Amino acid sequence: MDATSCKLPFHGSIAFARAYDNPLNEDEVAALYGQITARQALTKIDDLNTALLTTIPGASYGQATKNALLKKGWAIMGDMTTTDAQIDAFIAELADPDEVDGTISAKWINVMFNAAGAVNVGEGASSFVPAAVGSPVTSYDPSIKFWTANFSNTESGVDGRSSDFFKVNFNSSLNTTEERFSMEVYCKSSDALDRTPFDYLPNRGYGFRQSGPGGAMQARIAAIQFSDSQMDTADFSDAPITGSYNHYVFTYESNNRIDGMTGPITVYLNGVYAGITNVVGNNGWRTLWLPYADQYFVIGGSTLAGSNATQCKLPFNGNVVFARMYTEVLTADDVTALHGQITKRQAVARFDDLNTALTVTIPAMADGAAKTALLAEGWGLMNNISTTEKQITKFLAKL
C-alpha cells in the first residue's frame with residue numbers, strides 16, 4: 001500500500017506503542033506500569049537526553065566514535081529498565097571514550113589466527129567457517145603485533161601438495177552470482193616459487209598466486225563457466241617480493257565496463273594502487289560463482305576438489321597474517337585505510353603484554369567462569385585489528 005495519509009488522526013503525544021503476540025495477565029500489566037513509574041523517578045534521564053542531543057554531536061570525536069556512542073546512548077534511552085547507575089556510567093564514558101575505527105569491514109571472510117588456530121572474526125562467521133587440516137602452526141610475531149599462520153613447504157606448483165593448511169568452508173553461501181567483490185591478504189613469502197597464500201581452485205577459481213613475473217604475486221579470476229582456458233590476472237609488482245610482509249588487495253566489478261570490456265581487476269600493493277587489468281574473456285561476464293556446497297577456500301595453498309580433501313595444491317611457504325573477502329568493491333581510500341590499520345596496530349606496544357596475558361598469565365589462573373570470560377575478552381582484543389593501547393591497558397588492569 002502506498003497510502004500517504006491516515007484516518008482518525010491523533011491529537012496529543014505518544015511515549016511508546018507496543019503489540020504483544022499473547023494476552024497479558026493482570027500481574028504482567030502491573031509490572032509494565034511499574035516500569036513507567038520507575039522510569040519517571042529517574043533523576044539522570046535529562047542528563048542522558050542532553051548528552052544525546054548536544055554533548056556527543058558537538059564533541060571532537062571521530063564520526064565512527066560518535067555513531068557508536070549515539071547508538072549505545074539511544075539504546076539506554078529506549079530501555080524501560082534503564083537505571084540512573086547505567087546513565088552515570090555512560091556519561092562518564094564520554095570523557096574518554098574508546099575511539100572506534102570506521103574502516104570498512106569484510107562481510108564474508110575475515111580470518112585471523114590465535115593459539116587455537118584460525119577464527120573468522122567477520123560478519124560471515126557463521127557461513128564461512130575456518131578449520132585446520134593436518135597440523136598448521138600458528139604463533140605470535142612481536143615484530144608486527146599479530147598472530148600468524150606459518151607454512152614451511154618445499155613442494156610447489158599445481159602438482160605440489162601439503163597436508164597442513166586451513167580450509168574456509170562456504171556452506172553454499174556463495175551459491176549465487178556475485179558481480180562485485182574484493183579479496184585481501186597480508187602475508188610474507190619465503191620464496192618466489194609457484195604458490196598461493198589464499199585461493200579457491202587454482203585454474204578455475206579466484207585468489208592470489210605467485211605466478212607473475214619471476215614469481216611475483218598475481219590476482220587471478222576465472223570465467224563464469226570455470227573454464228581452465230580462461231583466467232584473467234593482474235600483477236601486483238614487476239618482480240617477486242620475498243622476506244617481508246606485504247598487503248595485497250584486488251577488487252573486481254563485472255558490471256563496470258571499460259571500452260567494452262567486462263572488468264576490471266584493480267590491484268593494490270601496501271595500500272597503493274598498483275595497476276588494472278580489463279577483463280576480456282570469451283565467456284561473457286565474469287562473476288563470483290561458486291556453486292559447489294562441498295568446496296572451500298584455502299589459506300596456505302589452493303583447493304584440491306572435494307570437501308574431504310586432506311591435501312591442498314600450490315602449498316604456500318611463508319606466513320599469513322589474515323585473509324579477507326568482501327561483498328563490495330573497495331575504493332582506493334578503503335584500501336589506504338585498511339593498510340593504515342596494519343601500520344597503526346604495529347605501533348601499539350602493549351600487544352606484547354596482551355599476548356603474555358593470554359598465553360601465560362590467564363591460563364595459569366584457576367579454571368572457572370572468570371578465567372573463561374577473560375580469555376574470551378582478551379582474544380577478542382587480539383583478533384580485532386583496530387584494538388587500541390587504551391583498550392588493552394583497561395583489560396590488563398582486570399588481571
Side-chain angles (χ1 to χ4, degrees), residues 141 144 148-162 165 181-223 228-253 261 263-281 286 297-303 312-326 329-330 332 334-336 338-339 342-343:
D141 186 339
I144 58 169
T148 67
N150 313 317
F151 305 96
S152 300
N153 291 298
T154 56
E155 294 189 26
S156 62
V158 292
D159 295 324
R161 297 288 185 270
S162 174
F165 57 96
F181 61 95
S182 304
M183 295 183 72
E184 175 188 17
V185 67
Y186 184 41
C187 64
K188 176 171 68 175
S189 302
S190 296
D191 60 41
L193 299 179
D194 189 10
R195 306 181 183 281
T196 173
F198 178 35
D199 194 63
Y200 169 68
L201 286 176
N203 295 318
R204 293 177 287 172
Y206 309 85
F208 303 86
R209 185 171 172 179
Q210 294 178 181
S211 53
M217 194 71 76
Q218 284 187 328
R220 298 168 60 81
I221 296 181
D228 285 345
S229 63
Q230 187 61 57
M231 290 291 297
D232 283 293
T233 63
D235 298 332
F236 286 94
S237 60
D238 294 330
I241 307 173
T242 61
S244 62
Y245 285 100
N246 290 279
H247 180 224
Y248 302 98
V249 177
F250 78 82
T251 69
Y252 178 66
E253 185 171 16
M261 308 297 184
I265 306 170
T266 306
V267 292
Y268 301 86
L269 175 62
N270 294 325
V272 178
Y273 170 82
I276 189 169
T277 294
N278 293 325
V279 177
V280 182
R286 296 303 171 78
F297 288 92
V298 170
I299 298 172
S302 187
T303 311
C312 69
K313 298 179 180 180
L314 294 162
F316 191 59
N317 185 25
N319 311 85
V320 177
V321 182
F322 57 74
R324 296 170 173 167
M325 194 165 191
Y326 300 78
V329 174
L330 301 177
D334 289 333
V335 176
T336 298
L338 290 169
H339 186 68
I342 296 171
T343 56

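Given the structure is predicted, the values throughout are model-derived calculations rather than measurements.
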Checklist outcome for this item: Here the salt bridge (Lys or Arg N to Asp or Glu O under 4.0 Å) pairs for residues 206-216, sequence neighbours left out, are D194-R209
Checklist entry - Taking C-beta and beyond as the side chain, do T233 and S211 meet within less than 4.5 Å on heavy atoms? => result no
Checklist entry - Any side-chain heavy atom of Y206 within less than 4.5 Å of one from Y252? => result no
Item to check | Derivation and outcome, side-chain contact (heavy atoms from CB on, under 4.5 Å), residues Y273 and T266 | outcome: CA-CA 8 Å; Y273 170 82; T266 306; 3.7 Å; yes
Next on the checklist: Assess the residue pair F250 and Q218 against the criterion (side-chain contact (heavy atoms from CB on, under 4.5 Å)); give the C-alpha distance rounded to whole Å, side-chain angles, the decisive distance to 0.1 Å, and a yes or no.
Outcome noted: CA-CA 9 Å; F250 78 82; Q218 284 187 328; over 6 Å; no
Roughly how far, to the nearest 0.5 Å, is the [atom2] atom of [Y] from the [atom1] atom of [X]?
| X | Y | atom1 | atom2 | value |
| --- | --- | --- | --- | --- |
| L314 | R161 | CG | CZ | 8.5 Å |
| N270 | S237 | CG | OG | 10.0 Å |
| T242 | K188 | OG1 | NZ | 10.5 Å |

Checklist entry - So D191 and Q210, side-chain contact (heavy atoms from CB on, under 4.5 Å) or not? Walk me through it. => result CA-CA 9 Å; D191 60 41; Q210 294 178 181; 4.1 Å; yes
Item to check | Aromatic contact, F165 with F151 (centres under 6.0 Å) | outcome: no
Checklist entry - Under 30°, 30 to 60°, or over 60°: which ring-plane class applies to H247 and F322, parallel, tilted or perpendicular? => result perpendicular
Item to check | S162 side chain to P315 backbone, donor-acceptor under 3.5 Å | outcome: no
Item to check | Short side-chain to backbone donor-acceptor contact, R195 and G300, under 3.5 Å | outcome: no
Checklist entry - Using a distance-only test with no angle check, is there a side-chain donor-acceptor pair under 3.5 angstrom linking T148 and D141? => result no
Checklist entry - Is the closest side-chain donor-acceptor distance between N153 and N317 under 3.5 Å? => result no
Checklist entry - Would S189 and M217 count as a side-chain contact (heavy atoms from CB on, under 4.5 Å) if you check the C-alpha gap in whole Å, the side-chain angles of each, and the deciding distance to 0.1 Å? => result CA-CA 9 Å; S189 302; M217 194 71 76; 4.1 Å; yes
Checklist outcome for this item: From the list F208, F198, Y245, ring pair (Phe, Tyr, Trp, His ring centres under 6.0 Å) with Y186 holds only for Y245
